[in-house]
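In listed order, ligands and their atoms are each counted from 1.
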Amino acid sequence: MGAKLFCWPQGSPGIAMLLRALLLTGLLSWANGQEGQAMLPEEKSQIRDQIVEMFDHAYGSYMKYAYPADELMPLSCRGRVRGLEPNRGDIDDSLGKFSLTLIDTLDTLVVLNKLDEFEDAVRRTLRDVRLDNDVVVSVFETNIRVLGGLLGAHTMADMLRQRGERMQWYGDELLHMAKELGHRLLPAFNTTSGLPYPRVNLRYGVLNPLSRTGTESDTCTACAGTMILEFAALSRLSGEAVFEENARKALDVLWEKRQRGSDLVGTVINIHNGDWVRRDSGVGAGIDSYYEYLMKAYVLLGDNVYLERFNTHYRAIMKYISQPPLLLNVHMHNPTVSVRSWMDSLLAFFPGLQVLRGDLKPAIETHEMLYQVTKQHKFLPEAFTTEFRVHWGQHPLRPEFAESTYYLYKATGDPYYLRVGQSIVEKLNAHARVPCGFAAVQDVRTGAHEDRMDSFFLAEMFKYLYLLFSEKNQLHFDIDDYIFTTEAHLLPVSLSTSQPPCRGNNTEAATAVEEDLFTYTCPSTQTLFPNNPSFAKTIRDSYKYLTGVGRAFHASPVRGIDLPLHDHSMEPVEFLRSMGVSLTPLSEAGTTEAWGEVHKGVYRVKLVAEVTQTTEEEEVEPLLVQLISPPFLGRTVLTAGPAKFGMDLTKQEHGVKGSIVKTSPYTACGPIENAEELSGHIALAQRGDCMFAAKAHRLQEAGAIGVIFIDHREGSNSAETPLFQMVGDGGSTADITIPLVFLFSQEGALLTSALEDHSNVDVLMLPKERRLGKTTDKAEKPLGKMNIKFRLAEEGELEDGEEGEARGPTLQFVLEKGEVVLEEEEYKQQGDSCLTPGDDHMQCSYGQTVTSPPFHSPNDPNTDP
Ligand code: DMJ
């Protein structure tokens, strides 16, 4: 394969064919030479059979229990019919009462060589599916799943018909349906800017008084920028240019609106004036398939403009967003600063796109990082932190990681990627399979299921897995003649030459970009790693132990402690407990073998990193909560602990004043029920059940101007327990700007009883030295000499080859005469949960339950565009 192949002028015949040939066939043939080295053909075909069996289970369950409904509810064993089930909000916008799952699955049936089933499913589609329902649907989802599904199925039906073996009765009916649907989506483009409305009523369009939509002003970048493949294919197959023209126009607007300094785009845009509504910029939720479609539009349509735009964006992505192996969102206007410290699972498609771009090294790096995360959490959580902790634990059986695995295997031929695929198959069977199909995982930490099986599971997951384990000669058609849409529907790459291009193409060319090796070339494995099949391995090896999974475990020596020994006459165990550290005698911990001899008084320690104790070097500066409204008038002063995040009260000359309102629920771990009441006031919230940071986020969002956290352990007080600082949860706390303080429960009780007795209680939150008036402070005993050093251990690890359980950050500490010394040690942790069974006094630092999506993910059926 040539190393550098300059692009042909726009519209040159054969560009897509040639590109496709180089891009896919070349890679595959190279890869074929490597296949089977570490996985015998028999094993491969065994896994392939297993994938087919799983598909049969999923599709069979849908057909048996759900069809003609849009989706299967695999726990209830029935169909999800919009309007009959509780409304799930935006996720339901994919459901148009058009047998969504059937249509999304049609071309998968052909890929898996289930031709009888395909023929039957096509007949059902023609017989049963209506596209004119009075339902408001997402334009983006309907385009990628239904229009794409119909076009993919038409493409397959046409291919089978032309072979003369099957589908001889087929008269382009699926294409006619696609055209009808295209016309039903077109009203969405009736905006001043040309960016489409996010939703359309299938029967009444957008602006009709009966449409119940058309009031939206924003859409996501991916929503507006993921139309071109389906719409251009529809235009070229139907001869009606209007579809391609509209999709192209929307892309032109996005390109125009890019931030010219950074060449990045934001996540949400105003459809009327083209202003950016959300300026964070990444490659995951909200933007993902916009980039994908620029690259693939070039492959499908052979128009240089798309590639040049893609290249411009790609350079910006690699400059600002890519921090191998991480991909972190930045602000499009200030791109050198990351705006969050977590990633969403949708970005897992990106290594696959990088393979298409020929940029294998970062693709291998990011994919390896993602694999490590799946090893630690079984599946990719919807969001995970830069430390690979769960940020949002849901996993709706998304296919992006399998997709990237497939591309990387094709590009490298490295059997390692077959093993990755095998692990996906095993985890799906072990953790998502239920009697009526496969169920989404509500939280990877608990493994709890959700009653949903999204249609993309059948459209994408099974295609990529099946193709990963298939030899080229095992497929009954040449997969390299097609390109995958973002929903993995198959469109023929011959479209650019076999069908006339869209008329009136006046798309502005991209500005010239500085060229690099792959600006106008196809990825070439021979250039990238000639004669070096272990190329990928050498890159992966540097990222092997990101999450600590897979590294050999070396136990640290255990030292004994004498109990009790404490200046405060408080039992050390109690003392540590008060700081959020749980201790379990080693003999009860059940891992005595790994730890050797059990020493009397030796404890396994679980550190909850939500609090930090002062060291000699770092003193906690006490804060105060001073009650200032009558009848207190500043005489009641409560000692409070600070937080390492939120507003720095020491820098507020006059503190922060407000009346207090108790939060409902009191722990603030679920949706805030009294947001209206809280807005503009200082919230009182109880410690426990979830992280301080999660509570703070929620309360700030509810409009609170400050938060006072009250300890939930009865009897704790600042006289007997040293103050500590609340710290974040590993996620970003940069956006928390309100002040946060902590009261032990005895001080907290004063505040809550004041609130019970008086309709209004105003308080001041302020540093101790700025206290108002001269009232006597609450007891402030010196802490005495207590020399404690906390140090988070490195990420724990498993024995080589072991999976599932992970070791978490723990400490061993040894109390010696006159001081407490903490030493690094490791213990086995179940996923992210580090609660000691039976010890409910403290939550695991990373174990909080996030019940609502932590990010706006418009390209995700779960979120609001
Ligand atoms: C699919 O519907 C598409 O891949 C889309 O682009 C985003 N992701 C979902 C599946 O996760």
Side-chain angles (χ1 to χ4, degrees), residues 58 70-71 90-96 100-101 103-105 107-108 137-149 151-152 198 219-231 247 267 282-297 343-353 356 370 374 379-383 392 394-407 424 428 432 438 440-441 450 452-465 483-491 853 855-865:
D70 282 317
E71 277 180 0
D90 303 319
I91 318 174
D92 286 345
D93 287 346
S94 321
L95 313 178
L100 172 68
T101 302
I103 297 177
D104 222 4
T105 311
D107 56 5
T108 307
V137 293
S138 151
V139 172
F140 164 79
E141 296 291 359
T142 308
N143 175 58
I144 65 168
R145 302 196 200 197
V146 187
L147 185 56
L151 290 170
T219 197
C220 72
T221 304
C223 302
T226 311
M227 307 295 292
I228 189 70
L229 293 189
E230 293 82 1
F231 269 40
T267 320
V283 297
I287 304 183
D288 48 3
S289 44
Y290 161 62
Y291 293 136
E292 179 183 0
Y293 269 37
L294 285 179
M295 177 75 201
K296 289 183 175 175
M343 290 161 276
D344 60 71
S345 68
L346 287 167
L347 61 72
F349 89 102
F350 198 69
L353 188 60
L356 283 185
L370 295 168
T374 67
F379 299 105
L380 267 191
E382 278 294 72
W392 178 19
Q394 193 187 28
H395 174 73
L397 309 180
R398 289 198 187 279
E400 284 79 3
F401 179 61
E403 175 184 352
S404 283
T405 305
Y406 163 71
Y407 278 104
I424 298 173
L428 283 172
F438 288 81
V441 178
E450 221 181 319
R452 61 188 271 200
M453 185 179 87
D454 290 62
S455 66
F456 52 67
F457 184 57
L458 288 164
E460 297 191 60
M461 183 71 91
F462 287 105
K463 271 197 201 101
Y464 289 123
L465 287 177
I483 188 154
F484 293 110
T485 68
T486 192
E487 188 79 357
H489 292 306
L490 297 168
L491 296 177
F855 59 87
H856 185 92
S857 164
N859 195 11
D860 172 344
N862 295 316
T863 54
D864 182 10

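Put simply, the side chain of Leu147 reaches to within 4.5 Å of the side chain of Phe231, judged on heavy atoms.
Heavy-atom contacts of Pro399 reach the following atoms of ligand 1: 10 (C), 11 (O) (cutoff under 4.0 Å). Of all the atoms in ligand 1, the ones that sit under 4.0 Å from a non-hydrogen atom of Ile144 are 2 (O), 3 (C), 5 (C).
Ranked by closest heavy atom to atom 10 (C) of ligand 1, the top entry among Glu400, Glu382, Glu487 is Glu400. For atom 11 (O) of ligand 1, the nearest non-hydrogen atom from the set Met461, Arg398, Arg145 comes from Arg398.
Taking distance alone, with nitrogen or oxygen atoms compared against 3.5 Å, Glu141 stays at or beyond that limit from ligand 1.
The side chain to side chain donor-acceptor pair (under 3.5 Å) check on Glu292 picks up Lys296, Thr486, with sequence neighbours excluded. Looking at residues two or more places apart in sequence or on another chain, you find no side chain to side chain donor-acceptor pair (under 3.5 Å) involving Ser404.
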- Check against side-chain contact (heavy atoms from CB on, under 4.5 Å), Tyr407 and Leu353: CA-CA 8 Å; Tyr407 278 104; Leu353 188 60; over 6 Å; no
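Using a cutoff of 4.0 Å between basic side-chain nitrogens and carboxylate oxygens, Glu382 and Arg398 are scored as salt-bridged.
Only side-chain heavy atoms of Leu346 come within less than 4.0 Å of ligand 1; its backbone N, CA, C and O stay farther off.
For the atom pair Lys463 NZ and Phe484 CZ, the distance stands at 7.0 Å (nearest 0.5 Å).
Heavy atoms of Glu460 come nearer than 4.0 angstrom to ligand 1 in at least one pair.
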